[in-house]
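Read through the structure below, which is laid out as structure tokens, and then see the notes.
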Amino acid sequence: MIAVGALTMGEALELSRILPYSALGRTELVEAETSSPGQQLSVLTCNVYQHNREPERLLDLVEQRSPDIVFLLEVDDWWLGSLSELESQYPYRLLRPQDDTYGMALYSPL
């Protein structure tokens, strides 16, 4: 019984340490501050939710923000086909589509 209580207290301590850094339910954009605008690198990270079939929202966001790097999670072949217009702006790509929600895509002009 004591071991279970200690385990639960340990888990609670660890959870209290990581919870402030988690995105639990957040949908807003988070922007980091830097000291020098000339040294900024913008990264757009998005979980597209593989079963979502609305790429327009993501494409609009990329067009608005024009990030240096686009990193996407849960991409499959359908998503890569739907995002093919990114290839002209981001000629360097690492694409690993998967049908099990573990697919990833990295786009960069650099």
Side-chain angles (χ1 to χ4, degrees):
M1 191 65 137
I2 293 174
V4 172
L7 180 62
T8 303
M9 287 176 47
E11 290 171 343
L13 177 62
E14 288 303 312
L15 184 60
S16 72
R17 289 181 178 175
I18 63 170
L19 199 57
Y21 302 101
S22 73
L24 283 174
R26 286 193 327 200
T27 58
E28 75 276 3
L29 295 173
V30 178
E31 296 186 25
E33 294 183 26
T34 60
S35 59
S36 174
Q39 297 178 339
Q40 291 181 351
L41 178 70
S42 60
V43 179
L44 174 70
T45 303
C46 182
N47 183 327
V48 298
Y49 181 63
Q50 185 170 345
H51 304 293
N52 171 25
R53 296 301 187 222
E54 297 178 28
E56 299 82 19
R57 292 178 63 194
L58 176 63
L59 292 169
D60 289 344
L61 184 61
V62 170
E63 184 178 333
Q64 289 171 2
R65 294 288 176 154
S66 192
D68 296 314
I69 295 172
V70 178
F71 180 60
L72 305 174
L73 302 167
E74 288 198 33
V75 295
D76 56 10
D77 288 320
W78 184 91
W79 268 98
L80 292 184
S82 298
L83 300 175
S84 62
E85 66 184 68
L86 292 178
E87 295 175 4
S88 61
Q89 185 179 354
Y90 299 97
Y92 301 100
R93 301 175 293 282
L94 180 59
L95 309 174
R96 298 292 186 262
Q98 289 187 213
D99 292 330
D100 58 3
T101 70
Y102 289 101
M104 293 185 234
L106 179 71
Y107 295 86
S108 175
L110 310 172

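Everything numeric in this text was worked out from a predicted model, so none of it was measured.
- Side-chain contact between Val62 and Leu83 is absent, with no heavy-atom pair separated by less than 4.5 Å.
- Crowding of Glu63 atom CD: a count of heavy atoms from other residues, nucleotides or ligands under 6.0 Å not exceeding 12.
- Taken to the nearest 0.5 Å, the CG atom of Leu80 stands 11.0 Å off from the CZ atom of Arg96.
- By the 4.5 Å heavy-atom criterion applied to side chains, Leu72 and Trp79 are not counted as neighbours.
- A 6.0 Å sphere centred on CZ of Arg93 holds more than 12 heavy atoms belonging to other residues, nucleotides or ligands.
- Taking OG1 of Thr101 as the reference point, atom NE2 of His51 lies at 7.0 Å (rounded to 0.5 Å).
- Atom CG of Leu73 is separated from atom SG of Cys46 by 8.0 Å, given to the nearest 0.5 angstrom.
- Residues Gln89 and Ser66 approach most closely at NE2-OG, 3.5 Å, considering heavy atoms.
- Taking the side chain as every heavy atom from C-beta outward, Glu56 and Leu59 never approach each other to under 4.5 Å.
- Atom OG of residue Ser108 and atom CG of residue Leu86 lie 12.0 Å apart, to the nearest 0.5 angstrom.
- Tyr90 and Leu44 end up in the same hydrophobic cluster when Ile, Leu, Val, Met, Phe, Trp and Tyr side chains are linked at under 4.5 Å.
- One distance of note links CG of Asn52 with CH2 of Trp78; it measures 7.0 Å at 0.5 Å rounding.
- With hydrogens and angles disregarded, a donor-acceptor distance shorter than 3.5 Å links the side chain of Gln50 to the backbone of Asp99.
- Few gaps surround CD on Gln98; more than 12 heavy atoms of other groups in view lie less than 6.0 Å from it.
- Taken together through direct or relayed side-chain contacts under 4.5 Å among Ile, Leu, Val, Met, Phe, Trp and Tyr, Tyr92 and Leu41 form parts of separate hydrophobic clusters.
- Evaluation of the salt bridge (charged side-chain N to carboxylate O under 4.0 Å, His left out) test over residues 68-81, restricted to residues two or more places apart or in two chains, returns Arg53-Asp76.
- To the nearest 0.5 Å, atoms CG (Leu95) and OH (Tyr107) are separated by 5.0 Å.
- Tyr49 and Val75 are assigned to two separate hydrophobic clusters, defined by single-linkage of ILVMFWY side chains at heavy-atom distances under 4.5 Å.
- Closest approach of Pro91 and Pro109 over heavy atoms only: CD-CA, 3.8 Å.
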